[in-house]
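Below: the structure, in structure tokens.
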Protein chains: 2
Amino acid sequence: MTQSATAWREHAGDVLRQTGHRSAAAREQVLDALAERDCCATAQDLADDVQRGGSRVGTASVYRALELLVRLGLVRRLEMGHGTARYEAAYPDGEHHHHLVCDRCGKVTQFEDPELEAAIDQAAARLDYQVGAHDVVLRGACPDCATA
Amino acid sequence: MTQSATAWREHAGDVLRQTGHRSAAAREQVLDALAERDCCATAQDLADDVQRGGSRVGTASVYRALELLVRLGLVRRLEMGHGTARYEAAYPDGEHHHHLVCDRCGKVTQFEDPELEAAIDQAAARLDYQVGAHDVVLRGACPDCATA
DNA sequence: GTGAATGCAAACTCTTTGCATGACT
DNA sequence: AGTCATGCAAAGAGTTTGCATTCAC
């Protein structure tokens with residue numbers, strides 16, 4: 001687990017306490033699973049992670065935990081695979097990345113690009129929406145599929 | 001209907017013929033409905049449009065038509081509303097726009113930004129994926145919701 | 001006439017909700 | 001004790017698939 005993931009995990013616990021939520025087993029384990037992941041995961045992925053840890057956690061609890069975490073701004077929800085949502089930790093300093101999706105094998109990779117961020121901020125500034133977030137998805141063939 | 005939408009409609013018919021597809025009522029009507037729309041629509045929106053035109057078209061045919069059109073590169077499929085896919089005409093010259101989604105009322109608006117396109121192209125060039133397409137979604141409050 | 005395309009209904013996947021039980025403070 | 005959180009099962013929404021029928025070529 002990276003240093004920022006550890007910090008995020010602690011931050012998330014703090015925010016939950018400060019917003020009056022009690023320590024709840026299923027929710028804590030979803031947070032742990034998210035902190036362990038370095039890129040976005042589906043609800044099913046996270047449920048599997050938790051159950052692999054030996055706990056009997058219902059799907060509904062995973063979804064309920066994720067919904068709360070998204071509402072508190074601790075988790076980002078992403079839509080990029082046919083009908084299946086993905087979730088990842090949202091760092092409090094706003095640091096984030098974007099995603100590459102392979103059209104052939106479905107693999108998801110992340111990338112960062114400060115100049116792209118700047119271009120998005122400029123575009124957002126000239127629009128009449130109060131833009132609070134943005135998602136960028138690039139699609140194509142990953143190195144493995146491109147050579148195959 | 002705009003001039004480019006009309007051109008796209010004709011182009012789509014040509015591509016279908018060239019790829020050995022016969023003239024099929026439901027599919028043609030889905031194309032017409034897409035050409036009439038100036039921004040992305042859900043499968044249900046398109047089915048409603050067609051049925052409003054007086055035809056009895058099944059949902060399945062709309063989905064089957066859309067799947068084929070996406071495969072032929074004539075239509076873009078977008079994922080940006082909780083679990084519901086949206087579709088829009090993909091112009092052959094690559095001209096396209098991106099989307100603003102209101103977090104509160106769900107309204108979807110389009111925008112274009114050449115500098116953002118350039119930044120994406122540059123980012124794509126330095127990655128090891130063969131990037132063929134990209135989606136950008138900005139989220140926030142639309143003018144109506146921001147003042148309300 | 002032949003095979004593609006269709007409509008209908010059933011199946012399927014992902015997600016949410018109802019409700020009785022269990023756990024934190 | 002009070003009530004928030006949980007697990008399970010059922011419901012819901014969107015999408016896909018099976019199959020007999022219809023239609024284009």
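Just so it is clear, the model here is predicted, and its values are computed rather than measured. Below, chains carry the letters A, B, ... as their sequence lines are ordered, and counting in each starts from 1.
- Between A:Asp49 and A:Ala33, the closest heavy-atom pair is CB-CB, 4.0 Å.
- Side chains of B:Asp14 and B:Gln18: no donor on one and acceptor on the other come within 3.5 Å.
- Side-chain N or O atoms of B:Arg104 include one that pairs as donor or acceptor with a backbone N or O of B:Cys145 at under 3.5 Å.
- The closest donor-acceptor contact from the side chain of B:Ser61 to the backbone of B:Val57 lies at 3.5 Å or more, if one exists at all.
- Heavy-atom distances under 4.0 Å link DNA chain C to B:Arg56, B:Val57, B:Gly58, B:Ala60, B:Ser61, B:Arg64 of residues 44-80 of chain B, given in residue order.
- A straight line from CZ of B:Arg17 to C1' of C:dA4 spans 17 Å, rounded to a whole angstrom.
- Across all their heavy atoms, A:Tyr129 and B:Cys102 have their closest contact at CE2-N, 3.8 Å.
- Rounded to an integer number of Å, the gap from CG of B:Leu16 to P of C:dA4 is 15 Å.
- Considering all non-hydrogen atoms of both residues, B:Glu79 and A:Gly83 come closest at OE1-N, 3.2 Å.
- With axes fitted over five pairs at each extremity, the angle between the ends of the helix from C:dG1-D:dC25 to C:dT25-D:dA1 is 30° (10° resolution).
- Classification of A:Glu115 and B:Arg126 as a salt-bridged pair fails, no side-chain N sitting under 4.0 Å from a carboxylate O.
- The distance between the ring centers of A:His99 and B:His134 does not fall below 6.0 angstrom.
- The pair B:Glu88-B:Arg86 does not count as a salt bridge, with every side-chain nitrogen at least 4.0 angstrom from each carboxylate oxygen.
- Taking every heavy atom of residues 18-30 of chain B and every atom of DNA chain D, pairs under 4.0 Å involve B:Arg22, B:Ser23, by number.
- Among all heavy-atom pairs drawn from B:Ala35 and B:Ala5, the shortest one is O-CB, 3.5 Å.
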